[in-house]
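Notes for the one structure printed next.
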Amino acid sequence: MEIRGKLFLLWAIPCWVLSAFGAFCCYVFVFGIFPSEKAYGMAYRITNGWGRAVLAFLFCRTKVVGREKLDPRLNYVLVSNHRALVDIPLCQVASPVPFSFLAKAETLSYPVVGFLVRNMHLPVDRRSPESRAQGFERMVEHVRRGRSVHIYVEGTRNRTDEPLLPFYDGAFRLAVATGTPIAVLAIVGSEKLSPPQGSFRIFPFGRVKCVWTETIETDGLTESDVPQLKQRVRELILRELEEGIL
């Protein structure tokens with residue numbers, strides 16, 4: 001299994017590079033030509049297509065459940081668990097609404113990804129309290145402009161044997177501060193494609209299920225309700241993880 005996972009990289013990495021270059025050319029054109037609001041929507045469609053291409057060359061069978069629970073006319077604070085690198089294209093493919101990721105500041109230096117983060121996503125240096133505070137204000141402004149944001153509530157990839165890490169408060173504080181509904185996504189099985197422990201490997205022909213469990217209204221709630229929101233979301237995701245792919 002270890003050898004197969006490493007050998008498959010000989011296929012996966014060239015495919016990623018070629019698809020990333022094609023997406024980058026599209027991004028440069030879109031952000032260079034169109035007004036920011038129109039470019040944002042067009043860039044998301046490009047990213048969605050790129051995500052589908054990535055899952056296709058990984059031969060990943062993806063089942064999305066509950067997409068109809070999200071209204072494409074509304075914006076949300078989207079939250080999910082995070083076990084594998086492939087969770088990023090999975091979220092893009094699963095979501096019926098355009099969104100921005102909360103991204104680590106170091107991604108600004110990555111090829112292609114850095115360009116997209118600067119133009120569409122929300123970078124933050126989590127090691128700096130000042131940067132985190134500024135990042136939260138940018139997220140509030142972003143959501144109040146009618147855009148959605150996706151946050152991995154564990155803060156990082158879960159590399160442990162536990163189903164979930166402790167949740168951070170940020171996504172829930174953001175939803176409460178803006179009165180924006182929380183849309184809960186459970187990603188089931190992605191760790192079989194790209195195991196979070198050990199050296200970097202990719203395994204083809206995996207099965208993944210992405211489940212939108214429900215949306216949670218936050219209008220009228222305060223920061224005192226954050227612990228209850230965290231617990232409710234945790235229970236929703238755990239329920240899907242325990243059920244498995246089936």
Find out whether [X] and [Y] are in side-chain contact, i.e. whether some heavy atom of one side chain is under 4.5 Å from a heavy atom of the other.
X	Y	result
Met42	Phe34	yes
Leu70	Thr215	yes
Val188	Cys210	no
Leu193	Ile202	no
Val97	Leu78	yes
Lys104	Val124	no
Leu108	Arg118	yes
Phe203	Phe59	no

Exam field: side chain [X] to backbone [Y], donor-acceptor pair closer than 3.5 Å:
X	Y	answer
Lys69	Trp212	yes
Thr47	Ala43	yes
Asp225	Leu221	no
Arg159	Pro196	yes
Trp11	Phe57	yes
Ser109	Glu106	yes
Arg138	Pro123	yes
Ser148	Phe99	no
Ser95	Gln92	no
Asn158	Glu162	yes

Value rounded to 0.5 Å, distance of [atom1] in [X] from [atom2] in [Y]:
X	Y	atom1	atom2	value
Gln231	Gln228	CD	CD	9.0 Å
Asn75	His142	CG	NE2	8.5 Å
Leu164	Ile237	CG	CD1	6.0 Å

Practice task
Flag this pair as yes if the NZ/CZ of Arg234 is under 6.0 angstrom from the six-membered ring centre of Phe167 and inside a 45 degree cone about the axis; otherwise no.
Solution key: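 Positive - Arg234 is close enough to the ring of Phe167 and near enough to its axis.
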
Exercise for the section: Indicate, with yes or no, if Leu58 and Phe21 share a hydrophobic cluster defined by side-chain heavy-atom contacts under 4.5 Å among Ile, Leu, Val, Met, Phe, Trp and Tyr. Expected result: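 No.
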
Practice task
Answer with yes or no after comparing the ring centroid distance for Tyr152 and Phe101 against a 6.0 Å cut-off, counting only values under it.
Solution key: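 Distance test on ring centres: under 6.0 Å, yes.
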
Problem - Note: Glu37-Arg147 ion pair, threshold 4.0 Å (strictly below) - result: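 Answer for the salt bridge query: yes.
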
Can you give each donor-acceptor pair under 3.5 Å made by side-chain atoms of residues 169-187, sequence neighbours left out, with the distance rounded to 0.1 Å?
{"unit_1": "Asp169", "atom_1": "OD1", "unit_2": "Lys230", "atom_2": "NZ", "d": "2.7"}
{"unit_1": "Arg173", "atom_1": "NE", "unit_2": "Glu223", "atom_2": "OE2", "d": "3.3"}
{"unit_1": "Thr178", "atom_1": "OG1", "unit_2": "Leu174", "atom_2": "O", "d": "2.8"}
{"unit_1": "Thr178", "atom_1": "OG1", "unit_2": "Thr180", "atom_2": "OG1", "d": "2.7"}

Handout entry: Crowding at CD, Glu130 (>12 non-hydrogen neighbours, <6.0 Å)
Key = no

Practice task
Kindly check if the number of other-residue, nucleotide or ligand heavy atoms within 6.0 Å of CZ (Phe29) is above 12?
Solution key: no

Handout entry: Polar side chain donor-acceptor pair, Tyr44 to Ser100, under 3.5 angstrom
Key = no

Exercise for the section: Decide yes or no on side-chain hydrogen bond (donor to acceptor under 3.5 Å, both in side chains) for His82 and Thr156, but give the supporting numbers first. Expected result: CA-CA 7 Å; His82 188 21; Thr156 187; over 6 Å; no

